[in-house]
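Only heavy atoms go into these numbers, but all of them, side chains included; no hydrogens, no water, no symmetry mates.
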Amino acid sequence: MSESKIRVIVAGFRGSMGTASCQTILNDERFELTGVFDPHAALTDGNDTHLPSQVVVATTEDELPEADVWLDFTTPTVVEHNVEVALRQGLFPLVGTSGLTTAQIKALQALAASAHLGGLIVPNFGLSAVLLTQFAKQAARYFPNAEIIEMHHADKRDAPSGTAVATAHAIAAGRQQQPDLDHTESSVDGVRGGIVDNVPIHAVRLPGYLAHEQVLFGGTGEALTIRQDTYDRESFMVGVKLALSKVTTLTELKVGLEQVLD
């Protein structure tokens with residue numbers, strides 16, 4: 001690994017999160033953007049995204065420059081392959097792309113272990129979202145009955161969000177008893193949401209939203225709501241910088257920004 005700066009390749013650099021991450025890396029003296037990756041990119045895309053000329057625009061694995069970290073903001077259909085590429089290249093994967101299944105994560109963790117590399121899969125780089133998940137786990141100890149409503153922009157390609165799934169898993173881990181059975185008779189399929197670890201998740205996709213989540217807990221004679229709202233993608237860059245500064249210290253492929261919180 002570079003002694004002076006952490007060298008980064010950004011996959012999915014033409015998307016909103018990838019573009020913001022590139023500029024964040026370029027503006028932080030701790031990091032060096034050595035390359036960007038997209039199989040469908042053209043050499044001129046670097047100019048279109050205002051990247052310095054020394055940043056390599058790679059469309060194949062063979063064109064990748066030397067780096068320490070692979071930062072992935074692509075799509076659910078290619079992210080697993082991308083992490084495999086990163087590990088083959090000896091790079092620490094930092095994954096901001098959601099949509100990986102539990103089975104895929106376990107397979108990638110095994111591959112990372114065989115490559116003797118660590119990394120981080122981050123369902124959400126927003127600190128408020130990370131704290132919401134932690135608070136929800138604590139609340140589930142006393143309120144096992146819970147539902148999640150997650151609201152995102154209309155262009156989000158996966159549902160439910162990775163953050164909502166991570167929150168459901170955290171709730172299940174925090175419960176000391178199982179929730180009450182749902183006796184509702186649904187006249188419309190799916191109206192009660194999708195179920196993850198006995199937690200219903202309702203996904204909203206609408207223009208005007210960015211990223212929002214609320215967890216509703218119900219108990220005897222009382223209710224608790226925990227909510228977080230993201231209004232600007234710039235808030236994610238705080239988490240991106242934190243993860244980039246810590247990911248090369250990890251010895252396993254872990255899940256969650258909380259893994260690198262002090």
Side-chain angles (χ1 to χ4, degrees), residues 15-17 73-80 95-106 121-126 128-233 235-236 255-257:
S16 54
M17 282 296 293
F73 285 112
T74 56
T75 66
T77 57
V78 301
V79 59
E80 182 179 23
V95 182
T97 308
S98 59
L100 283 169
T101 66
T102 299
Q104 287 175 318
I105 291 173
K106 289 182 178 179
I121 298 170
V122 182
N124 197 310
F125 282 99
S128 62
V130 174
L131 292 172
L132 176 144
T133 298
Q134 293 180 333
F135 296 158
K137 182 177 181 179
Q138 295 177 38
R141 179 180 180 183
Y142 306 100
F143 296 93
N145 299 293
E147 301 198 19
I148 297 171
I149 303 173
E150 57 98 338
M151 298 152 282
H152 283 79
H153 55 91
D155 294 329
K156 185 170 175 57
R157 298 188 181 186
D158 60 315
S161 68
T163 306
V165 172
T167 304
H169 290 323
I171 290 170
R175 284 169 170 159
Q176 294 190 334
Q177 64 185 79
Q178 289 302 305
D180 297 334
L181 294 176
D182 182 2
H183 299 292
T184 303
E185 294 185 7
S186 300
S187 59
V188 177
D189 290 342
V191 72
R192 292 290 295 118
I195 307 298
V196 177
D197 268 350
N198 277 336
V199 180
I201 300 179
H202 310 267
V204 176
R205 298 289 177 269
L206 286 172
Y209 285 77
L210 183 55
H212 317 263
E213 181 179 355
Q214 57 183 352
V215 186
L216 291 78
F217 295 93
T220 303
E222 59 182 336
L224 170 66
T225 300
I226 306 173
R227 175 170 176 143
Q228 70 85 210
D229 297 280
T230 301
Y231 301 108
D232 192 319
R233 285 187 176 86
S235 65
F236 296 137
V255 180
L257 187 64

Salt bridge (Lys or Arg N to Asp or Glu O under 4.0 Å) between Asp158 and Lys156, intermediate numbers included: CA-CA 6 Å; Asp158 60 315; Lys156 185 170 175 57; 3.1 Å; yes
Student check: side-chain heavy atoms of Val199 and Arg175 closer than 4.5 Å: yes
Heavy-atom closest contact (Ala173 atom, Lys137 atom, distance): CB-CE, 4.1 Å
Cationic N near anionic O, under 4.0 Å, Glu185 to Arg192: no
Heavy-atom pair of closest approach, residues Pro76 and Gly99: CB-CA, 4.1 Å
I'd like a table of donor-acceptor pairs (distance under 3.5 Å, sequence neighbours excluded) in which one partner is a side-chain atom from residues 214-224, with atom names and distances.
none

Minimal non-hydrogen separation, Ala146 against Pro200, with atom names: O-CD, 3.4 Å
For Ala168 against Asp197, the heavy-atom pair lying closest together: O-CB, 4.0 Å
Straight-line distance of Tyr209 OH to Asp229 CG, nearest 0.5 Å: 9.5 Å
Thr163 side chain to Pro123 backbone, donor-acceptor under 3.5 Å: yes
CD1 on Ile201 to OG on Ser161, rounded to 0.5 Å: 7.0 Å
Under 3.5 Å side-chain donor-acceptor pair for Arg157 and Thr75: no
Expected output: side-chain Ser235 to main-chain Thr230 donor-acceptor under 3.5 Å: no
Nearest-0.5 Å distance, CG of residue Asn198 to CG of residue Asp180: 11.0 Å
Nearest atoms (heavy-atom pairs only) where Pro160 meets Ala203: CA-CB, 4.4 Å
Check: Phe236 ring centre within less than 6.0 Å of Phe73 ring centre: no
Rounded distance [0.5 Å steps], OG1 in Thr102 versus NE2 in His169: 4.5 Å
Nearest atoms (heavy-atom pairs only) where Pro207 meets Ala154: N-CB, 3.8 Å
Point-to-point distance, once rounded to the nearest 0.5 Å, from CG of Asn145 to CD of Gln177: 8.0 Å
Gap separating the CG atom of Asn124 from the CG atom of Leu257, nearest 0.5 angstrom: 8.5 Å
Side chains of Ile171 and Ile148 in contact at under 4.5 Å (non-hydrogen atoms): yes
Heavy-atom check, side chain of Met151 versus side chain of Leu206, under 4.5 Å: no
Close side-chain approach of His212 to Tyr231, heavy-atom, < 4.5 Å: yes
